[in-house]
Amino acid sequence: MDSQKPLELVYRPCSRWRRAMAFLIDMSLALILGLAIGIGIVALVAQTPSYQTAIATMDEIELRSGLYEENDEGTTSPITELYAVSEEDADPDYEGVDSLFATALEHFFADSYFFPDGDGASVYEGLKIGEGALIYEGNEGNGPYFRRDESGNLVPRLSSEAMYSFYVEAIDGTAIPYISTVPAYIDASRTTFLSMGGSLLSSLFLGIFVPFFVPPLFFKRGRGTLGMKALKLAVLTAKAVPPTPGRTIARSLIFLFVEVLLSIFAFFIPLLVSFTMVMVRKDRQSFHDYVSGTYVVDCSDMPVFLSYEDYAEKAGRATPIDLRKGDEGQDLSPEEKEDARRGID
């Protein structure tokens with residue numbers, strides 16, 4: 001066969017919607033896999049001694065504060081949640097709950113463990129009256145919830161129902177945040193945050209890594225993901241052969257680290273740039289395709305060949321196509337022909 005005869009073998013650039021659908025399929029698989037991995041990793045981390053010790057420390061400090069109690073699940077919950085009262089209750093006991101909350105607050109602000117400088121009482125008094133006092137706004141007037149009586153003592157100036165709002169706000173908005181200032185609580189919180197945060201990030205990375213990194217190495221004819229395989233798309237170099245494993249790995253790493261992971265911290269700008277390139281470029285190269293020198297093509301009408309020899313054996317042709325020279329399949333240079341024969345891309 002005349003080696004100078006132009007090839008009729010043509011790979012069409014993949015349509016944008018098919019590439020978008022392939023990406024959505026792969027991302028769906030990544031999310032499902034990431035969720036499954038995350039559940040497993042979190043379950044394992046929750047059983048580690050360091051995590052359990054940290055949780056026990058936090059529970060112990062919360063229970064000591066008197067602002068938490070153990071719930072039915074064996075964990076701790078704020079008393080404002082366990083003893084919540086609303087007007088919809090059949091017999092709302094505002095007076096009893098107010099008394100419970102008031103006792104808990106007095107105990108907490110008097111505890112030197114949380115206020116080693118002994119300033120807890122002044123903080124609590126500041127919530128009741130003064131410039132930093134919690135202000136009530138309603139039918140009974142505006143102003144602090146407390147007033148001083150003839151003896152100089154601070155007493156509630158509103159009904160039990162209105163005072164309920166003060167105690168809830170004092171506990172949730174002021175008292176509980178003080179617990180997080182205890183050094184032991186800070187250390188335990190950091191341990192739990194790093195453990196669970198690391199677990200979630202690891203599961204997210206693995207969930208994305210496996211669908212986008214493993215299949216391209218497994219599918220030699222096309223180096224595509226599962227989504228691309230389902231829609232008959234392939235990744236080829238400019239010489240119409242699949243990229244080498246090294247180039248495939250580089251392409252996947254650029255996509256994972258530059259476009260996906262960096263997008264998490266850069267407001268998805270890298271992904272937006274890559275998507276825009278696909279939309280505006282005539283060859284429809286994304287950023288990772290452009291950097292790695294690859295193209296995503298439609299192989300629904302034409303099989304993918306591993307090399308010139310593979311093509312010559314299966315199709316009986318003598319000259320490989322060069323995507324850089326358009327869709328007409330012009331001949332390669334003698335040097336490029338020799339590289340193709342050796343399977344070099």
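Given the structure is predicted, the values throughout are model-derived calculations rather than measurements.
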Begin with the C-alpha distance, continue with both residues' side-chain angles, and end with the deciding distance and a verdict on side chain to side chain contact (heavy atoms under 4.5 Å, CB included) for I249 and L253. CA-CA 6 Å; I249 291 174; L253 291 179; 3.8 Å; yes
Set out, in order, the CA-CA distance, both residues' side-chain angles and the distance that settles side chain to side chain contact (heavy atoms under 4.5 Å, CB included) for S286 and R19, then state yes or no. CA-CA 11 Å; S286 62; R19 185 162 188 177; 3.0 Å; yes
Evaluate side chain to side chain contact (heavy atoms under 4.5 Å, CB included) for L154 paired with R147, printing each intermediate quantity in order. CA-CA 5 Å; L154 292 175; R147 62 177 177 80; over 6 Å; no
Derivation of the salt bridge (Lys or Arg N to Asp or Glu O under 4.0 Å) call for D301 and R12: CA-CA 9 Å; D301 299 327; R12 293 175 294 157; 2.7 Å; yes
Mind running side chain to side chain contact (heavy atoms under 4.5 Å, CB included) on F109 and L127 for me, showing each step along the way? CA-CA 11 Å; F109 284 107; L127 294 176; 4.2 Å; yes
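With T181 contributing its side chain and P177 its backbone, the two residues share no donor-acceptor pair below 3.5 Å. D26 contributes a side-chain N or O that, together with a main-chain N or O of G227, makes up a donor-acceptor pair within less than 3.5 Å. A donor-acceptor pair under 3.5 Å is absent between the side-chain atoms of S77 and the main chain of E81, judged by distance alone. Side chain of S65 to main chain of L67: a donor-acceptor pair is present (N/O by atom type, distance under 3.5 Å, no hydrogens or angles). Distance alone, capped at 3.5 Å, places no donor-acceptor pair between the R223 side chain and the A234 backbone. With D111 contributing its side chain and Y113 its backbone, the two residues share a donor-acceptor pair below 3.5 Å.
The aromatic rings of F108 and F115 lie perpendicular to each other, with more than 60° between the two planes, well past the 30° mark. Aromatic ring orientation, F166 versus Y145: tilted (interplanar angle from 30° to 60°). The aromatic rings of F257 and F205 sit tilted relative to each other, their planes meeting at an angle between 30° and 60°.
Within 6.0 Å of CD in Q52 there are more than 12 heavy atoms belonging to other residues, nucleotides or ligands. Surrounding CG of D72 are at most 12 heavy atoms belonging to other residues, nucleotides or ligands under 6.0 Å away. Residue F213 places its CZ atom among more than 12 non-hydrogen atoms of other residues, nucleotides or ligands, all under 6.0 Å distant.
Hydrophobic clustering places Y94 together with M163 (ILVMFWY residues linked when any side-chain heavy atoms are closer than 4.5 Å, directly or through intermediates). Both F114 and M58 belong to a single network of hydrophobic side chains, linked directly or stepwise wherever heavy atoms of I, L, V, M, F, W or Y lie under 4.5 Å apart. One hydrophobic cluster, built from ILVMFWY side chains closer than 4.5 Å, cannot hold both F212 and L233; they sit in different ones. Linking Ile, Leu, Val, Met, Phe, Trp and Tyr whenever their side-chain heavy atoms come within less than 4.5 Å puts F218 and L226 in one cluster. Transitive grouping of hydrophobic side chains (ILVMFWY, heavy atoms separated by less than 4.5 Å) keeps V296 and L306 in distinct clusters.
The heavy-atom pair separating P92 from S86 by the smallest distance is CB-O, 3.7 Å. Annotation for P215 and V210: closest pair CD-O, 3.0 Å, computed over non-hydrogen atoms. Of all non-hydrogen atoms in P245 and L217, the two that sit nearest each other are O-CD2, 4.1 Å. Scanning both residues, Y68 and P78, for their nearest heavy atoms gives CD2-N, 3.5 Å. Residue V304 comes nearest to C299 through the heavy atom pair CG2-CB, 3.9 Å, listed as atom of the first residue, atom of the second, then distance.
Checking R247 against S292 by side-chain atom types alone, no donor-acceptor pair falls below 3.5 Å. One side chain, S300 or D298, offers a donor N or O that lies under 3.5 Å from an acceptor on the other. Side-chain atoms of E62 and T76 include a donor-acceptor pair closer than 3.5 Å.
Note on residues 268-285: pairs passing side chain to side chain donor-acceptor pair (under 3.5 Å), not counting sequence neighbours, are E259-S274, R281-D283, R281-Q285. Residue pairs meeting the side chain to side chain donor-acceptor pair (under 3.5 Å) criterion with at least one partner in residues 193-219, sequence neighbours excluded, are absent.
A cation-pi arrangement, defined by a distance under 6.0 Å to the six-membered ring centre and an angle within 45 degrees of its axis, is absent between R221 and F305. Geometrically, K128 engages Y124 in a cation-pi contact, judged by NZ or CZ lying under 6.0 Å from the ring centre and within 45° of the ring axis.
Contact annotation: the side chain of Y295 never approaches that of D289 to less than 4.5 Å [non-hydrogen atoms, C-beta and beyond]. The shortest side-chain heavy-atom distance between L236 and P242 falls under the 4.5 Å cut-off.
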